[in-house]
Structures are given as structure tokens and as C-alpha cells.
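Naming: A, B, ... by sequence-line order, numbering from 1 per chain.
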There are 2 protein chains.
Amino acid sequence: MRTSVLSRALLGLIAAEPMSGYGLARLFERTLARAWPARHPQIYPALAELEQQGLLRVSETGPRRRKTYAVTANGVAEVQRWLRDTAPDRTVRNETILRLFMLWLLESREAVAFFDDEIESHRQRLVGFEQTLADDERQRREHGTAQGGIAFCASLALEWGIRYEREYIEWATQARDRIADGAKAWDNARERRLG
Amino acid sequence: MRTSVLSRALLGLIAAEPMSGYGLARLFERTLARAWPARHPQIYPALAELEQQGLLRVSETGPRRRKTYAVTANGVAEVQRWLRDTAPDRTVRNETILRLFMLWLLESREAVAFFDDEIESHRQRLVGFEQTLADDERQRREHGTAQGGIAFCASLALEWGIRYEREYIEWATQARDRIADGAKAWDNARERRLG
DNA sequence: AGGCCCATGTAATTTGTTACATGATTCG
DNA sequence: CGAATCATGTAACAAATTACATGGGCCT
């Protein structure tokens, strides 16, 4: 029996709104991938198993043999149990920070370029997040909806994304400038080490 | 042939200082695990393969059949190529943020508890990072060493860790308070959805 | 002598990715 | 009618974790 993070997440997402595997795959690709990447070859088998376990059921079959899943009472109870009784794994894998430990192997100008790329890439991500926030706020104003539970949670996540990107850009900019300013010392240390 | 992130990282770390598999495993466990977790069953086979590829060589065999590895010229070139010619995968897996999307399934007091746990856990991590920073600074003052390339890179990573934890705690505290303040609205929205 | 940490490995399993495969429906 | 997108699946592979297994050397 699979009890993976992905399975619990699928359950929780479907609890908010019945959805097909394809819909979930799209949701992951568009908005959830930054927190937990998942693609269809992982999603479809997981859904099949959850159905077998009685945590999901097919609530509707649409046009292109589409299967819409809905949670069962057991399914809801299971996500709640997961959230309440298990602690999240707080390790975060960050390849960029890992690479940082090897950056001294490059020349100072290459190290500066490394940070320039980071800054540019994260700036773009930040712009996207801010756009999403603006869209959400506009929609809330137009429809005048008080923030329901799910939308509120999603907006907290978005807020974290924005804070994260801003902080990251600030840190990377300072790092870049420090390397650029101390380019000579950097290259000397490198020479000494690499010969 | 393996060309994984881990393999390149091992190469880069050994380039800084010849090390045994056990030493690397310890280094990952103690300091690198927050950016890229890796344990000995992954490390030992990777080292064996890197040696076979001529990117590492056994530079010394110590007491308990310990093998110390050193990089070869090809090994150094390979890490440099990796750093220069490939872009880092910038996806970060964060189970806590994923769970956030399901948090509306819990009662407001449970959601508050969720954030309390986060705050406590990250506060402890922050204390650890700040301690490390203080130790590093003390050592630098005592030994008067100008920051060499590797130490400088490590300090940038530590700085990021500290910024990250501070920002995270601030965000989580605000989120916690907002949920606590709007507990009634939260529980109402939840009732409506779950029935 | 016994316990602890150093040190290296393999096996089994789970998780995640890439590639392959196929068919239905909509839209222009 | 052809292209794009919707929609679901499997196979093969790579990466990562957990458990199993073993032995050496150090310290008391």
C-alpha cells in the first residue's frame, strides 16, 4: 500500500473539488510544481490505487473517457489524519545552494555570471507570482467573495512564494556584488588552490 | 554512465579537500543535508564509479580500510564544465507548502497548531545557523585567515540559510495570527465545505 | 572484554522521470 | 480533414531511502 506524500496530496486536492487525473496533472504543472513537482505517470497509478482503497471513487465519466474522481468519507478522514498525526519532512532540496559549495572552482567573472543568471531567473518568477496575486485580488474585488478556506490557503502559499523570491534576489544581488568587488582576492585564492 | 547531481557534487567537494566516503557522508549529514540530502548507500557506489571513470583516484588508504579519494585533472574539469554549461534545476520540493493547500480540512485551532510547530521548528534551525555563523567568525578572528574561496562560498550558503529561516518565521507568524484572528470565518467556511 | 564509533558495502523497495503508445474530441 | 489539445495509460530507467551485513580499531 502506497502512503506517499503525493497520494495524500491528491486526496486533499480532490476533497476541495472533484477532478480528473488530467486536471490534477495540469494543476501540478501550473501552480503546485514549485512546491511539489508531479507528472501524469505518477498521478494516474496513484489515483487507481486510491480508488481501490476506497479513498476515492469515480464520480463521473466525461467525453474522452475522462474519469472525474471524488473523495469518500474515508478519504477525507485519511488526509486529516495525515495532516494531524504526521510531521512534514522539512528537508528542501536546492541544487543552486549545493552548487554554491563548488563555485570557488570557477573564475570570479564566471561566479558573477552564475549569480546574474540566478537573479534574472528568480526575478521572472517573482513577476509571475506578483501577477497571480494581482489577478487574485482583482477577482476577489469583482466577485466580492469572502476568502473561503481553500482560496485563503492558496493565497498564503503565494505570499510565501513572493517573500521567498524577494529575499532570494536580495541575497543573490549582495553575493554577486561582493564577488565582483573582491574579484582579485577570489581569483588569487582560486589560483592558490588549483595551481 | 551516471552524470547525476550527486556525482558532480562529490567531485567538487573532494576537489576542495581529499576525503573518504565516510567523511563525505558526515559532511552531508551535518551541513549539506539542508540543501541536498545524501547518505552512504548513495555515496559509496557513486565514488566507485567516479574512480572507474578516472575522475577520482584513491590517494591514500588509512586504518579501518579507509579509502581517501582525490580528484584527478579530468575530475576538476568535469565539475567546472558542469557548473558552467548546465543550468541548475531550480525546483524546490517543500512538503510544508504542499500541505498548506490541504490545511483548510482542519479546524482553525489545528491550523494554528500547524503553524506553531513550523515556527518552533524553524526557530531552532535558525538558532543552529546563527551559532555556526558565530563560530565561523570567531575562528576567522582567531586565525586571522582571509576568506579563501571555499570558506567564502560556505559562508554565502550559511547567510542564505539564515535569511531563509528569518523570512519563513516571519511569514508563518503572520499566517498563524491571521488564522487565529479569523478563527470563526475559517471554521464556518470549513463547515460549509465539509458539511 | 565489551561498547562505541569508524568504515564500507549490498539488497530491496519506493519514488520520480523520460519515453513510448494510443485514442477521442474540438476547432479552424 | 488536419492539427491541436484533451485524456489515459505502460515501460524502462534513474535516483533515493531503508534495512541488512560485516569488520576494524580505539578506549576504558
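- Here the C1' atom of nucleotide C/dT22 and the OH atom of A/Tyr22 are 15 Å apart, to the nearest Å.
- At whole-Å resolution of the value, CG in B/Leu24 and P in C/dA7 are 12 Å apart.
- Nucleotide D/dA16 holds its P atom 11 Å from the CG atom of B/Leu10, rounded to whole Å.
- The distance between atom CD of B/Glu60 and atom P of C/dT8, rounded to the nearest whole Å, is 12 Å.
- With the nearest nucleotide of DNA chain C identified for both B/Arg26 and B/Tyr69, B/Arg26 has the one nearer the 5' end.
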Distances for protein N/O vs nucleotides 19-24 of chain D N/O pairs under 3.5 angstrom?
{"unit_1": "D/dG24", "atom_1": "N2", "unit_2": "B/Arg64", "atom_2": "NE", "d": "3.0"}

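- One interatomic measurement links the two molecules: CG of B/Leu50 to P of C/dT8, which rounds to 15 Å at whole-angstrom precision.
- Here A/Arg93 reaches the OP1 or OP2 of D/dT17: one of its side-chain N or O atoms lies under 4.0 Å away.
- Nearest heavy-atom pair, A/Leu50 versus A/Ser7, reported as atom, atom and distance to 0.1 Å: CD1-O, 3.7 Å.
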Indicate every side-chain donor-acceptor pair of residues 112-126 of chain A with a distance under 3.5 Å to a residue at least two apart or in another chain.
{"unit_1": "A/Asp116", "atom_1": "OD1", "unit_2": "A/Arg176", "atom_2": "NH1", "d": "3.1"}
{"unit_1": "A/Asp116", "atom_1": "OD2", "unit_2": "A/Arg176", "atom_2": "NH1", "d": "3.2"}
{"unit_1": "A/Glu118", "atom_1": "OE1", "unit_2": "A/His122", "atom_2": "NE2", "d": "3.3"}
{"unit_1": "A/Glu118", "atom_1": "OE1", "unit_2": "A/Tyr168", "atom_2": "OH", "d": "2.7"}
{"unit_1": "A/Glu118", "atom_1": "OE2", "unit_2": "B/Arg90", "atom_2": "NE", "d": "3.0"}
{"unit_1": "A/Glu118", "atom_1": "OE2", "unit_2": "B/Arg90", "atom_2": "NH2", "d": "3.1"}
{"unit_1": "A/Glu120", "atom_1": "OE2", "unit_2": "A/Gln124", "atom_2": "NE2", "d": "2.8"}
{"unit_1": "A/Ser121", "atom_1": "OG", "unit_2": "B/Arg90", "atom_2": "NE", "d": "3.4"}
{"unit_1": "A/Ser121", "atom_1": "OG", "unit_2": "B/Arg90", "atom_2": "NH1", "d": "3.4"}
{"unit_1": "A/His122", "atom_1": "ND1", "unit_2": "A/Glu165", "atom_2": "OE1", "d": "2.5"}
{"unit_1": "A/Arg125", "atom_1": "NH2", "unit_2": "B/Arg90", "atom_2": "O", "d": "3.3"}

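- With rounding to whole Å, B/Asp89 atom CG is found 9 Å from C/dT18 atom P.
- A/Tyr44 has no side-chain polar atom (N or O) that falls below the 4.0 Å cut-off from OP1 or OP2 of D/dG9.
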TODO: Run the numbers on A/Arg84 and B/Glu110 for salt bridge (Lys or Arg N to Asp or Glu O under 4.0 Å), then give the verdict.
DONE: CA-CA 8 Å; A/Arg84 273 195 285 252; B/Glu110 293 172 315; 2.8 Å; yes
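- In summary, B/Glu159 and A/Arg178 engage in a salt bridge, as defined by a charged side-chain N under 4.0 Å from a carboxylate O.
- With 3.5 Å as the limit, one finds no donor-acceptor pair spanning the side chains of B/Asp135 and B/Gln139.
- For the pair A/Gln42 CD and D/dA14 C1', the interatomic distance rounds to 13 Å; values are reported in whole Å.
- Rounding to whole angstrom units, CZ of residue B/Arg39 and C1' of C/dA12 are separated by 16 Å.
- Using a cutoff of 4.0 Å between basic side-chain nitrogens and carboxylate oxygens, B/Glu78 and B/Arg8 are scored as salt-bridged.
- When the salt bridge (charged side-chain N to carboxylate O under 4.0 Å, His left out) test is applied to B/Glu170, the partners found at least two apart in sequence or on another chain are A/Arg163.
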